[in-house]
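As the structure is a computational prediction, the values presented were derived from the model and not from experiment.
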Amino acid sequence: MAKMWAGRFQKETDAVVNDFNSSILFDSRMFREDIEGSLAHSTMLAKQGIISENDRALIHQGLKGILTDLERGRISLSPEKYEDIHMAVEQLLTERIGDAGKRLHTARSRNDQVALDMRLYTRKEIKNIRSLVLDFMRVLVGKAKGNLHTVMPGYTHLQRAQPITFAHHLMAYANMLRRDVLRLGNCLGLMEECPLGSGALAGTTYPIDRGETARLLHFAAPMDNSLDGVADRDYCIELCAALSILMLHLSRLSEEVVAWCSWEFKFIELDDAYSTGSSIMPQKKNPDVCELIRGKTGRVYGSLTALLTQMKGLPLAYNKDMQEDKEAVFDAVDTAKMCLQVFAPMFETMTVLPENMKKAAYRGFINATDCADYLTKKGVPFRDAYKATGTLVARCIELNTTLDALPIEEYKFISDEFGEDVYHAIDLNTCVAERRSIGGPAPEEVSRQIAKIERFIEDESQA
Ligand code: ARG
C-alpha cells in the first residue's frame with residue numbers, strides 16, 4: 001500500500017517497521033473525536049474562504065458517512081492499510097469524495113490533530129468517570145444512612161482503638177471520593193484550551209480562525225502557543241495521577257472488605273453474585289473482586305509512571321514517543337471505569353453484620369479513653385486519669401474481663417472519683433454518641449456529614 005508521503009521516498013516501508021510505527025490498533029477508539037475535529041476544522045476553513053462551501057459540504061457528508069460506517073463496524077481498520085486513525089479517516093474520505101477529501105488537511109497537521117483528539121477523548125471520559133464516582137458515593141451514603149448506630153471498633157495499627165460506627169467509617173471514603181471528583185474536575189478545568197490550529201508546531205500561513213474551531217469544539221479559547229499546543233501532555237499525566245489516587249482509595253477500601261469478610265472479622269458478607277469459589281476448597285467464598293481492584297491499582301500507577309517517564313526528556317515540540325501516551329491513558333481509563341462499575345453494586349449488595357461488629361467492639365478496651373475522660377471530667381488531670389485507666393485495663397486482663405464488667409470495687413480501689421455512673425460513661429453507645437465534635441462518629445454528626453455529601457453529589461451531578 002502506497003503511503004501518503006510516498007513522494008519523498010524511493011522504497012516502501014519495511015513490514016516490521018510498518019507494524020511498529022502504526023497506532024491504528026489502539027487509536028481507532030478515537031474515531032468519533034477525530035471526525036468531530038475534522039468537521040469543525042472544515043467548517044472553519046470554508047468560513048475563512050480557505051476551501052469552498054461546496055468542498056465543505058462534500059467533506060461533511062463524507063465524514064458523517066464514515067462515522068456511521070465505523071459505528072456500525074462496517075470498516076476494518078488494519079495496520080497494513082492505515083497508520084493511525086487520522087490518516088485512516090482522511091484516506092477513507094478521499095476514496096469516497098475525491099479531491100475535496102484531499103483538501104481537508106489544509107492548515108492542519110496530525111500533531112495538532114492528535115493533540116485535539118486526545119483532549120476530546122479524555123474530556124469525555126473524565127466526565128464518565130466522574131459520574132461513576134458519584135454513583136459509588138451514592139451507594140456509600142445509602143449504606144451509611146442505614147448504619148448510623150452500627151457500632152464497630154475503629155482501628156489504628158489494625159489494633160482496636162476507639163468506638164466508631166460503620167456509617168462514620170464509610171463516610172470517610174465518601175469524603176475521599178469527593179476529592180476525587182474535585183480532582184477530575186480540576187483536570188477538566190486545565191483542559192479548556194484548544195490545540196487545533198497549532199499546525200505541525202509553528203502555526204500556519206493560512207488565515208485560520210482558531211477562536212472559531214475552539215468555540216465549535218466547546219473549548220474556552222485556543223491554546224496560546226503553538227509549540228505548547230502540540231507538545232503538551234500534562235492533561236494525560238494529570239488524569240492518570242487523579243485516577244491513581246482514586247484507585248488508591250478503592251484499593252484501601254478493597255483491602256478492608258477483604259478483611260471484613262474473613263472469618264476473623266465477619267463484619268460483612270458479600271453477595272454470592274460478587275464472590276467466587278475455590279476449585280479445591282468447597283467451603284471457600286472469596287472476595288476476588290476486591291483483590292483484583294487492589295491489584296489493578298498497580299496497573300494505573302504503571303500508566304502514570306510510564307507517561308511521566310515518556311515525557312521527561314522530550315525536546316519541543318512533537319516527538320513520536322508521544323504516541324505511547326494512548327495505551328497508558330486508555331488502559332488507566334478502562335481500568336478505573338471497570339473497577340467502579342463492579343465495586344458499586346458489590347458494595348450495595350453486601351450484608352452488614354452489626355452483631356459481629358458490636359462483639360468486636362466489646363473486645364479490645366476501646367472505651368479506655370472514655371474511662372480516662374470520665375475521671376478527667378471529675379477534675380483528675382488527664383495524665384493521671386490515663387495512668388489509672390491503664391492500671392484498670394491491666395486488672396481486666398488479669399481477671400479476663402472487660403471494663404464494662406469490672407466490679408465497681410475495683411474502680412474505687414484505683415480512684416475515689418469513680419461512681420456507678422462510670423458504666424454509663426463507658427457504654428459504647430454513649431462513647432459514640434458523645435463524640436459530637438466536628439467530624440466525629442456521633443450519629444447526628446455523621447448525619448450532618450451525609451447531608452453535606454448528598455448536596456455535593458446533587459450539585460456535581462448537574463455540573
Ligand atoms: N499517531 C500519532 C500519535 O499518536 C499521530 C501524530 C503523528 N505525527 C507525526 N508527525 N508522526 O502521536
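Atom OH of Y274 is separated from atom CD of E348 by 8.5 Å, given to the nearest 0.5 angstrom. Residue L246 holds its CG atom at 10.0 Å from CG of L239, rounded to the nearest 0.5 Å. The structure places CE of M152 at 5.5 Å from CZ of F267, a figure rounded to the nearest 0.5 Å. For the atom pair OG1 of T402 and OH of Y362, the computed distance is 9.0 Å after rounding to the nearest 0.5 Å. In this structure, the separation between CG on D288 and CG on N286 is 5.0 Å, given to the nearest 0.5 Å.
When only modelled atom types and interatomic distance are considered, Q162 and T369 share a side-chain donor-acceptor pair under 3.5 Å. A donor atom on one side chain and an acceptor atom on the other are found under 3.5 Å apart for D34 and Q113. Side-chain atoms of S38 and H86 form no donor-acceptor pair, as typed in the model, at a separation below 3.5 Å.
With sequence neighbours excluded, the residues that form a side-chain contact (heavy atoms from CB on, under 4.5 Å) with E125 are Y121, N128, V333, K337. Under the rule for a side-chain contact (heavy atoms from CB on, under 4.5 Å), A433 has no partner lying at least two apart in sequence or in another chain. Take E255 and apply the side-chain contact (heavy atoms from CB on, under 4.5 Å) test, not counting sequence neighbours, and it matches R294.
Considering all non-hydrogen atoms of both residues, H41 and A107 come closest at CE1-O, 3.6 Å. The two residues C240 and S303 make their nearest non-hydrogen contact at SG-CB, 4.1 Å. Contact record, G37 with L116: CA-CD2, 3.7 Å, taken as the closest heavy-atom pair. Among all heavy-atom pairs drawn from I75 and R96, the shortest one is CD1-NH2, 3.7 Å. Here the closest heavy-atom approach between residue V151 and residue M357 is recorded as O-CB, 3.4 Å. Minimum interatomic distance between R119 and M191 (heavy atoms only, all atoms of both residues): O-CE, 3.5 Å.
Put simply, the residue from K296, R299, R29, K326 that forms a salt bridge (Lys or Arg N to Asp or Glu O under 4.0 Å) with D334 is R29.
A distance below 6.0 Å separates the ring centres of F343 and F136.
No more than 12 heavy-atom neighbours from other residues, nucleotides or ligands sit within 6.0 angstrom of CZ on R363. At most 12 non-hydrogen atoms from other residues, nucleotides or ligands lie less than 6.0 angstrom from CD of E458. Within a 6.0 Å radius of CD in Q61, other residues, nucleotides and ligands contribute 12 heavy atoms or fewer.
Put simply, the side chain of T165 gets close to the backbone of H168: a donor and an acceptor are under 3.5 Å apart. With hydrogens and angles disregarded, a donor-acceptor distance shorter than 3.5 Å links the side chain of R210 to the backbone of M223. A side-chain donor-acceptor contact under 3.5 Å links D27 to the backbone of I85.
Between F166 and W260, the ring-plane angle classifies as perpendicular under the 30° and 60° cut-offs.
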